[in-house]
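Below, each value reflects all heavy atoms present in this structure, side chains not excepted, and no hydrogens, waters or symmetry copies. Numbers restart at 1 for each chain; the letters A, B, ... are given by sequence-line order, proteins then strands.
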Protein chains: 2
Amino acid sequence: MSTEQGMRLRADAQRNRDQIIAAAKRAFLHGGTDQPMEEIARLAGVGIGTLYRRFPDREALVRAVAQDNFGALADEARAALAEEETSWDALVRLLGRSTDLRLSLRLSLLSPAAWHAIHDDPEIVRHRTEILELLDEIVRGAQAEGALRADVGTGDIAVLGSLLLRPGPGRDEMLARAMAVILDGLRAAPGTALPGHAVGLQDMITSLKT
Amino acid sequence: MSTEQGMRLRADAQRNRDQIIAAAKRAFLHGGTDQPMEEIARLAGVGIGTLYRRFPDREALVRAVAQDNFGALADEARAALAEEETSWDALVRLLGRSTDLRLSLRLSLLSPAAWHAIHDDPEIVRHRTEILELLDEIVRGAQAEGALRADVGTGDIAVLGSLLLRPGPGRDEMLARAMAVILDGLRAAPGTALPGHAVGLQDMITSLKT
DNA sequence: TGGAAGTGGATGAAACGCTTCCGGTTAAAT
DNA sequence: ATTTAACCGGAAGCGTTTCATCCACTTCCA
């Protein structure tokens with residue numbers, strides 16, 4: 001949360017920095033990364049000057065939020081894998097409960113402005129790679145358990161996850177039902193063959209770079 | 001397509017009007033309803049002045065596009081119901097192939113600016129109601145056929161459809177696979193009970209008004 | 001062919017967001 | 001308690017973007 005280069009911030013400055021990131025998370029989640037800087041400052045309860053001293057421009061802020069968020073998501077994926085009984089449960093947990101996942105998707109997919117900030121930063125790329133590898137492990141595990149149908153790949157799961165997590169309307173209860181339907185579709189014993197071939201981890205990574 | 005109040009337009013004017021609406025559809029589909037008016041004019045191959053004479057402000061343009069589009073979607077739903085062998089097939093056709101559906105969703109869900117334009121216009125509301133009623137008929141039909149699981153409602157289908165059609169990344173082939181998974185989840189013989197209760201037509205209409 | 005209808009883009013106005021700057025404030029070291 | 005370097009807030013300036021109008025020119029059609 002406070003990974004900074006060198007200098008240690010004064011207590012109030014550190015507090016403000018955290019508040020700014022938290023506010024930016026909320027703002028980005030709600031309205032995308034081109035939300036006015038002033039609005040983010042307002043949400044954080046700090047002046048616009050404070051925001052700009054800490055983050056010289058929008059890209060720096062986006063990058064900081066992305067670091068924070070992809071890191072949290074990697075933690076969550078690791079926790080799901082470690083704590084859940086089965087890989088299938090880990091998958092369900094990851095698809096269903098993750099706010100961090102939601103924001104990460106917005107960041108990586110929905111905002112052209114955020115693209116560079118994210119793809120240029122090695123730490124973020126590392127986190128993203130780890131996340132995908134963990135997801136891959138979970139997917140393979142769930143298939144080995146016989147819980148997850150064998151003809152889907154990690155990329156397919158990522159796509160389905162992204163569908164559930166995109167911003168939009170629909171109350172949570174409705175989304176929970178939609179997820180249950182999707183999970184039924186993901187269980188072993190497919191009704192029909194899927195078109196094309198499974199989208200694997202590598203395909204997904206490749207497609208992210210496009 | 002040319003439903004106008006009273007005056008009949010000159011041939012070239014009518015042509016331009018159609019081109020503007022077509023361009024606006026493309027622009028809105030790609031970038032949302034707050035795309036610059038000038039960009040729409042450029043896409044349509046007309047001057048900005050022409051656009052403004054025909055549609056005094058953005059709201060008028062949005063309304064015209066929405067009328068056109070919801071009408072087309074209603075036609076498509078009617079055609080699906082009439083032409084497909086089974087209601088299940090009609091459902092698949094509607095969920096899978098509809099660009100009009102995609103744009104309608106963008107219009108009705110994604111753009112705060114468009115909200116008023118759409119909800120104030122009785123013709124659009126009428127179309128939307130008809131669309132939902134047709135969907136309801138298709139859903140009930142597919143359930144009567146035993147093809148669609150009985151514990152989902154029209155609202156559930158609408159939610160799942162909206163998931164598939166929201167803007168976002170993912171190549172079409174990937175989305176086709178995602179849809180196939182969802183369809184497997186929708187077939188009869190559910191794996192597990194869905195949480196909550198089925199979201200019916202009325203629930204959906206109510207939720208649209210919020 | 002007359003003239004009403006239509007066209008397009010230059011243009012001014014206005015809104016918006018970015019960023020700087022500096023007088024005042026506060027944390028923390030002594 | 002005093003000092004001071006770090007920090008704060010937000011007013012103000014600037015550049016950009018978009019809206020919406022207007023009018024000299026063009027096109028359609030009776």
Side-chain angles (χ1 to χ4, degrees), chain A residues 1-2 4-24 26-28 30-65 110-117, chain B residues 1-24 26-28 30-65 111-117:
Chain A
M1 207 68 76
S2 59
E4 263 331 271
Q5 66 285 17
M7 272 304 288
R8 196 178 162 76
L9 293 173
R10 221 171 71 175
D12 53 346
Q14 180 64 51
R15 190 178 340 117
N16 280 337
R17 186 181 189 279
D18 293 344
Q19 282 172 358
I20 290 169
I21 291 204
R26 271 177 285 145
F28 290 172
H30 184 266
T33 52
D34 41 6
Q35 206 82 173
M37 296 294 253
E38 206 157 18
E39 169 72 4
I40 294 167
R42 206 185 50 74
L43 280 174
V46 304
I48 183 69
T50 303
L51 197 166
Y52 268 96
R53 186 166 335 93
R54 214 52 68 197
F55 307 98
D57 53 26
R58 157 170 269 107
E59 185 172 317
L61 177 59
V62 171
R63 188 182 303 120
V65 170
L110 237 68
S111 160
W115 205 89
H116 280 99
Chain B
M1 205 69 76
S2 58
T3 33
E4 262 334 88
Q5 65 286 15
M7 273 303 289
R8 193 175 166 79
L9 293 173
R10 221 170 70 177
D12 53 345
Q14 180 64 51
R15 192 178 338 117
N16 280 338
R17 186 182 190 278
D18 292 346
Q19 283 171 356
I20 289 171
I21 290 203
R26 271 178 284 145
F28 290 170
H30 183 267
T33 52
D34 41 6
Q35 208 82 173
M37 297 293 255
E38 204 158 19
E39 169 71 6
I40 294 167
R42 205 186 50 76
L43 280 173
V46 305
I48 182 69
T50 303
L51 197 164
Y52 269 98
R53 183 165 339 90
R54 216 50 70 197
F55 307 98
D57 53 27
R58 160 168 266 107
E59 186 172 317
L61 176 60
V62 170
R63 187 180 305 119
V65 170
S111 160
W115 205 89
H116 279 100

- Item | Under 3.5 Å: donor-acceptor pair, side chain of B:Glu39, backbone of B:Gln35 | no

- Note on the structure: Between CG of A:Leu51 and P of C:dT19 the distance, given in whole Å, is 11 Å

- Item | Given B:Ile20, B:Leu51, B:Asp57, the one that forms side-chain contact (heavy atoms from CB on, under 4.5 Å) with B:Met37 | B:Leu51

- Message: Can you confirm whether more than 12 heavy atoms, excluding those of A:Glu38, are under 6.0 Å from its CD atom?
- Response: no

- Provide the closest heavy-atom pair for A:Arg54 versus A:Ala13 in the form atom of the first, atom of the second, distance. NH2-CB, 3.5 Å

- Message: Nearest to the side chain of B:Ile48, heavy atoms from C-beta on, is which of C:dG9, D:dG9, C:dT20?
- Response: C:dG9

- Note on the structure: In whole angstroms, the gap separating C1' of C:dA5 from CZ of B:Arg17 amounts to 16 Å

- Message: Check this one for me: any side-chain N or O of B:Asn16 less than 4.0 Å away from OP1 or OP2 of C:dG6?
- Response: no

- Between B:Arg54 and C:dT7, does any side-chain N or O lie under 4.0 Å from OP1 or OP2? yes

- Interatomic distance where CD belongs to A:Glu59 and P belongs to C:dG17 [whole Å]: 20 Å

- Message: Can you measure A:Met37 atom CE to C:dT20 atom P for me and round it to whole angstrom units?
- Response: 11 Å

- Scan nucleotides 24-30 of chain C nucleotide by nucleotide, 5' to 3', and note B when protein non-hydrogen atoms come under 4.0 Å of the base, S if they reach only the sugar-phosphate, - if neither. --BSS--

- Is the distance from OP1 or OP2 of D:dG9 to the nearest side-chain N or O of A:Thr50 less than 4.0 Å? yes

- Identify whether the distance between the nearest side-chain nitrogen and carboxylate oxygen of A:Arg63 and A:Glu59 falls below 4.0 Å. yes

- Judged by nearest nucleotide, the residue sitting upstream toward the 5' end of DNA chain D, B:Pro56 or B:Pro36, is B:Pro36

- Message: For A:Gly49 and B:Val46, find the nucleotide of DNA chain C closest to each by heavy atoms; which residue's nucleotide sits nearer the 5' end?
- Response: B:Val46

- Would you kindly give the CG-to-C1' distance between B:Asp34 and D:dT17, to the nearest whole Å? 13 Å

- Note on the structure: From CD of B:Gln19 across to P of C:dT7 the rounded distance in Å is 10 Å

- Query: Can any side-chain N or O of B:Arg58 pair as donor or acceptor with the backbone N or O of B:Thr33 at less than 3.5 Å?
  - Reply: yes

- Query: What integer distance in Å separates B:Ile40:CD1 from D:dT17:C1'?
  - Reply: 15 Å

- Message: Using heavy-atom distances to pick each residue's nearest nucleotide on DNA chain D, tell me which of A:Glu38 and A:Ala13 is more 5'.
- Response: A:Ala13

- Task: In sequence, state the C-alpha distance, the side-chain angles, and the governing distance for A:Phe55 and A:Ile40, and then conclude on side chain to side chain contact (heavy atoms under 4.5 Å, CB included).
- Result: CA-CA 12 Å; A:Phe55 307 98; A:Ile40 294 167; over 6 Å; no

- Message: Whole angstroms only, please: what is the OH-P distance between B:Tyr52 and D:dT18?
- Response: 11 Å

- Query: Can you check whether A:Arg53 has a side-chain N or O nearer than 4.0 Å to OP1 or OP2 of D:dC8?
  - Reply: yes

